[in-house]
Amino acid sequence: MSIVAEECLVLSNEPVSSDMHVLVFHSEKIARNIVPGQFVEVSCDPERLLLNRPFSIYDSSQSTLSLLIRRAGKGSNWLNDIQVGKQIKMIGPLGKGFSIGQGRGNLLIGGGCGLASLQLLSKALHQKNEKVDALFGFRKVEDIPIQVIRTFSQTASELITTVEYGSHPKTGNVIDQLQKIPIQLYDRFYCCGPISMLKALVPFLSERCTEVSLEAKMACGLGVCYGCTITTLSGGKRVCFDGPVFEMKEVDWNAM
Amino acid sequence: MQCDFPTDLGDLGILKSPIIISSGTFGIPIPYLELLNDQPIGAVVTKTITYSPKQGNPQPRLREGSLWLINSIGLENPGIDSFVDRYDQIYGEVSFPVIVSISGHSVDEFCVMVKKLNALNGPIAIELNLSCPNVDNEGLAFGMQTDRMGEVVKQSAKLSLFPIIAKLSPFQAIDHSFAEAACLAGASAISLINTIPAMSLDINRFRSSLGTLSGGMSGPAVKPISLKMVYEISRFVDIPVIGMGGIAYADDAIEYLMVGARAIGIGTMNLVNPELPTSILSGIASFIKRHKLKDITDISRQLKTG
């Protein structure tokens, strides 16, 4: 498996919630060997922004890759406004993805744009006839990317969405919902979302087989600059190269 | 690799290209090497190695502007013993000539590290990082005195089996005195400049936007400053000068060559675009052809200063 730099054509750019878009790119090289949980470094607004921006790979096929992007800053705003037909430079696929094992059941836990790294995982688990359930949390009803949730429902057996504010069948955050679920029925947990959500999950899941996908500011995304190092029980680790997926119990959450 | 531009760096030998990947921006992860393998790279400089292992600075370690990057990595590295033990295993895969960058707290520390590096077969030179602004100790202080810096270079050059490159901070490059001292002390080449000490604040939190109070600035914004320094120092020393700071395009590299740099270092922008060496070398080739120059060294001969 190797990483490549590639110019990727924007095939579509669709809003999926109040602040998220799904962008589909044509990719001959990067799309071919993606492991769920990996990311790409994307050249965003290169005239104004110095560094590339890391984004989880949301979906892929033989010749396309998709990103689920929330408007969160100059790079992501620029990308969400990109027009179909533009060419964007990317480097990827990068990082260490999720590990896929056999078991009684897998629970995906996502918050906001954290769903981005879980879609390919859900598909991969489903393909291996693994049982997948999902619990996704959002702040407001209008933040729910309905189209994205629909795609998840093709591979996940049970899918719970919860919102912190507004009228929705389930309310509260993912921790509130997790406490209502018999978690002993699952033997693998995969989490991605804001750092506050991941930290709140630690008391419930760190003793179990749990993987988390972390977000970090990066300069290179290639394991070279050590700009994204985090503290783990086995010393400093680079989110871009040793991660972004880590075992929950490996991370020093007090230092995060 | 293209070999159109053999670059004579004196004691360091002849490199296949004038492009050197600067310290701190070359890594050994295999996928990254695969990206670089086809690039016309003359040499690579390792991340700076210190006597003892260093965990580096707290997060955040990066702050970015449109034309600059401030980093506060803090020389995270495994220490000299681990580096030497694992050198063959790690750098055996690297197809480019390797320059090892080291930094110490004292003359003695530099000497001990130089002696340990003598056990290696691989490197073509040792670069002395005399200036890293992130290191909060007397290392910075001795870098501010020509005689003490000269002593580090002199002792290292005496003990080392490899040619010594003295890498200057912007403060050491403000005039020619440090370069001259390094030259007299036996350095085989001078490289400049290291990152510029810099700050950035998170005003709403009334504190630094980095995990430390300040860091080192690189990126295109430093180029005009560094270019002037390379111009002044190249005229004063008769050993090769490796110019670096903010090279993002072939034209930037040509400017450095024009003011007298024998080779050029790329760093921050190579992280963003790993294909930068190819694009720089093809830009240099077109420039030479367009202006009907004899070769790469002819670029500096044509500079008009009057």
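The model shown is predicted, which means the values in this text are computed figures rather than measured ones. A note on names: the letters A, B, ... follow the listed sequences, proteins ahead of strands, and every chain is numbered from 1.
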Look at atom CD1 of Ile203(B) and say whether more than 12 heavy atoms of other residues, nucleotides or ligands are closer to it than 6.0 Å. no
Taking atom NZ of Lys199(A) as the centre, does the number of heavy atoms from other residues, nucleotides or ligands within less than 6.0 Å exceed 12? yes
Looking only at non-hydrogen atoms, find the nearest pair between Cys228(A) and Gln59(B) and report the distance. C-NE2, 3.3 Å
Of the backbone (N, CA, C, O) and the side chain (C-beta and beyond), which part of Leu69(B) lies under 4.5 Å from a heavy atom of chain A, both, or neither? both
Heavy-atom count around Glu215(A) CD within 6.0 Å, excluding the residue itself: above 12? no
I need the minimum non-hydrogen distance between Arg61(B) and Tyr226(A), along with the two atoms involved. NH1-O, 2.7 Å
More than 12 heavy atoms of other groups within 6.0 Å of Tyr51(B) OH: no
If you draw a 6.0 Å radius around NZ in Lys96(A), do more than 12 non-hydrogen atoms from other residues or ligands fall strictly inside? yes
More than 12 heavy atoms of other residues, nucleotides or ligands under 6.0 Å from CD of Gln55(B): is that the case? no
What do you reckon, is CZ of Arg71(A) surrounded by more than 12 foreign heavy atoms closer than 6.0 Å? yes
For chain B, find which of Gly236(A), Ala219(A), Gly221(A) contributes the most heavy-atom pairs closer than 4.5 angstrom. Ala219(A)
Out of the candidates Val4(A), Val224(A), Ile91(A), only one should pair with Pro274(B) under the side-chain contact (heavy atoms from CB on, under 4.5 Å) rule; please name it. Ile91(A)
Counting only heavy atoms closer than 4.5 Å, note whether Leu94(A) contacts chain B via side chain, backbone, both or neither. neither
Does any non-hydrogen side-chain atom of Cys225(A) lie less than 4.5 Å from one of Leu271(B)? yes
Using modelled atom types and a 3.5 Å cut-off, is there a donor and acceptor pairing between side-chain atoms of Glu64(B) and backbone atoms of Leu50(A)? yes
Taking every non-hydrogen pair under 4.5 Å, which of Leu49(A), Thr229(A), Asn52(A) racks up the most with chain B? Thr229(A)
Taking every heavy-atom pair that is under 4.5 Å apart, which of Gly227(A), Ala216(A), Ser43(A), Ala255(A) has the most such pairs with chain B? Gly227(A)
